[in-house]
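Comments concern the structure below.
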Amino acid sequence: MKELRTQVAIVGAGPAGLLLGQLLARDGIDNIVLEHRSREYVERRVRAGVIEFGIANLIEEAGAGERMRRDGLVHHGVEFRFERNSYRVPLSDLADGRAITVYGQQEVVKDLVALRLESGGPLLFDTEVTTLDGLTSDAPSVEGDGPEGPVRVICDYVAGCDGSFGVANRALPASSARRYERTYPFSWLGILAEASPSTEELIYCRHQNGFALYSMRSPTLSRLYLGVAPDERLEDWSDGRIWDELNARLATDEMPEIGQGPIVERGITAMRSIVIAPMRHGRLFLAGDAAHIVPPTGAKGMNLALADVRLLARTLAAALRDHDDSLLATYSSTCLERVWRGEEFSNYMTQMLHPNPSDEFENGVQMARLRQAVNSREAATVLARNYVDLNSL
Ligand SMILES: Cc1cc2nc3c(=O)[nH]c(=O)nc-3n(C[C@H](O)[C@H](O)[C@H](O)COP(=O)(O)OP(=O)(O)OC[C@H]3O[C@@H](n4cnc5c(N)ncnc54)[C@H](O)[C@@H]3O)c2cc1C
């Protein structure tokens with residue numbers, strides 16, 4: 001077995017693992033990133049696309065912001081639609097001038113991979129980590145299978161950035177770890193279409209048929225979602241049916257039809273909330289989806305993940321470079337306070353925008369909440385601040 005030595009072994013090259021590697025390298029901390037999938041696969045994985053104000057600054061400070069600043073779309077507002085009417089929430093006016101940047105997660109990943117490879121930092125693709133060992137000792141290790149056979153990385157700390165189905169969160173002992181979970185009774189059918197966006201800002205829509213979201217990834221790519229039943233099958237949705245349903249839900253008198261184009265990507269995502277606590281076991285520290293999942297309605301998944309590693313990089317640099325262990329003890333509780341705020345906001349947006357066909361009382365409450373969000377300056381301000389910069393609050 002090939003044996004390597006480093007200060008921090010990072011499991012997973014999603015946004016969390018890659019940014020952590022970059023932040024640590026800038027602080028002079030050696031690290032190795034191990035990723036199950038190929039470079040091509042991680043760079044093509046279409047997922048999140050809304051970057052908070054403070055998280056965009058973090059990406060820039062890490063040295064990975066050049067393309068994001070050039071090609072990202074800065075949005076100062078967001079639209080809500082219901083009963084065929086549109087209401088704009090002026091995010092920047094309500095959140096001290098701050099704005100969101102619309103830039104695809106796969107582009108963030110591409111920028112971070114390029115930076116890593118340029119700097120010569122070790123990034124082992126096609127290497128599935130199978131075992132985490134000695135997590136409560138002074139010399140933990142990570143074992144995996146790479147293209148050239150088994151590999152073992154001995155380190156000072158392990159960062160579990162391997163998403164919700166990875167190995168890291170399973171290494172937490174059942175006796176001390178807790179898992180808080182909610183599954184929602186709907187899923188999202190998402191498409192990526194080669195169509196110029198019909199609108200300049202994101203549109204969140206509540207319609208009696210269900211939720212819809214109009215978003216975009218670039219001036220030529222639109223990303224649209226439909227709320228569907230949890231057991232819905234992709235093969236039952238022809239292109240025509242998808243566009244008809246998007247039009248039925250999103251139409252207003254001013255915009256009776258949305259622009260269409262070839263669908264280049266599609267998928268169905270279940271809607272879940274998960275929090276795993278604590279986010280630490282011995283020398284293993286969890287970050288991102290490995291520790292928490294939010295339904296995408298609040299656009300918080302990637303932002304929460306990157307905010308975790310902002311703190312984790314500081315925590316590990318303090319311990320390894322400055323011999324200051326104090327942040328190690330508080331990493332989990334500090335993260336979890338912010339994570340629960342992200343869970344609350346994602347839950348609020350989800351419960352406000354997804355009608356429940358069998359619960360008229362719930363639907364009445366949802367409409368009251370939605371009207372308040374667009375008509376009350378106080379409610380809109382809370383929404384705007386959480387949407388634009390929750391992870392810096
Ligand atoms: C289908 C889908 C759509 C989404 N849409 C949105 C959205 O619209 N808006 C939003 O805000 N969020 C969205 N999210 C959530 C968002 O994408 C995540 O929160 C974000 O990817 C978290 O980053 P991460 O680095 O923590 O985890 P990931 O991006 O999941 O990265 C984890 C990495 O670890 C690797 N890995 C896993 N197991 C191992 C192993 N054993 N060994 C080595 N490597 C391993 C994986 O291959 C992966 O590259 C979506 C998620 C999914 C699944």
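Order of listing sets the numbers, starting from 1, for every ligand and every atom in it. Residues take their numbers from the sequence shown, with the count starting at 1. Worth knowing before you read on, the calculation uses all heavy atoms, side chains too, and leaves out hydrogens, waters and symmetry mates.
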Salt bridge flag under 4.0 Å for residues Lys300 and Glu343: no

Atoms in ligand 1 with a heavy atom of Gly163 nearer than 4.0 Å: 30 (O), 32 (C)

Short N-O contact, Arg314 and Asp27, less than 4.0 angstrom: no

Shortest non-hydrogen contact from Leu250 toward Cys205: CD2-CB, 3.7 Å

Salt bridge flag under 4.0 Å for residues Arg371 and Glu83: yes

Proximal candidate to atom 41 (N) of ligand 1 [heavy atom criterion; set Val129, Val309, Thr297]: Val129

Mutual orientation of the aromatic rings belonging to Trp188 and Tyr225 [parallel < 30°, tilted 30-60°, perpendicular > 60°]: tilted

Side-chain (Arg272) to main-chain (Pro295) donor-acceptor, under 3.5 angstrom: no

Trp340 and Tyr180 aromatic ring geometry - parallel, tilted or perpendicular at 30°/60° bounds: perpendicular

Ligand 1 contacted by Thr127 (non-hydrogen, < 4.0 Å): yes

Options Gly288, Gly342, Pro15, Gly104, ranked by nearest heavy atom to atom 23 (O) of ligand 1, top entry: Pro15

Protein residue, atom and distance nearest to atom 11 (O) of ligand 1, heavy-atom basis: Gly301 N, 3.2 Å

Backbone of Arg98 reached by a side-chain donor or acceptor of Ser92 within 3.5 Å: yes

Option set Asn303, Asp289, Val33, criterion heavy-atom distance to atom 18 (C) of ligand 1, minimum: Asp289

Atom 8 (O) of ligand 1: nearest protein contact (heavy atom, Å): Tyr225 OH, 3.3 Å

Nearest-neighbour protein heavy atom for atom 1 (C) of ligand 1, which is reported as residue plus atom name and distance: Thr269 OG1, 3.5 Å

For Arg45, atoms of ligand 1 separated by under 4.0 Å from a heavy atom: 46 (C), 47 (O), 48 (C), 49 (O)

Basic-acidic side-chain contact under 4.0 Å: Arg341, Glu344: no

NZ/NE/NH1/NH2 to OD/OE distance under 4.0 Å, Glu245 and Arg241: no

Options Asp162, Val50, Val11, ranked by nearest heavy atom to atom 37 (C) of ligand 1, top entry: Asp162

Glu128 N/O to ligand 1 N/O under 3.5 Å: no

Test of proximity, Gly17 against ligand 1: N or O pairs below 3.5 Å: no

Atom 47 (O) of ligand 1: nearest protein contact (heavy atom, Å): Glu35 OE2, 2.6 Å

Interfacing atoms of ligand 1 (cut-off 4.0 Å, heavy-atom, Arg37): 47 (O)

Geometric class of the Phe285/Tyr331 ring pair [parallel <30°, tilted 30-60°, perpendicular >60°]: perpendicular

Min heavy-atom dist Gly267 to ligand 1 below 4.0 Å: no

Those atoms of ligand 1 less than 4.0 Å from some heavy atom in Gly14: 25 (O), 29 (O), 31 (O), 33 (C), 49 (O)

Per atom 24 (P) of ligand 1, closest listed option by heavy atom (Ala13, Ala16, Gly160): Ala16

For His36, the ligand 1 atoms whose distance to one of its heavy atoms is below 4.0 Å: 39 (C), 42 (N), 43 (C), 44 (N), 45 (C)

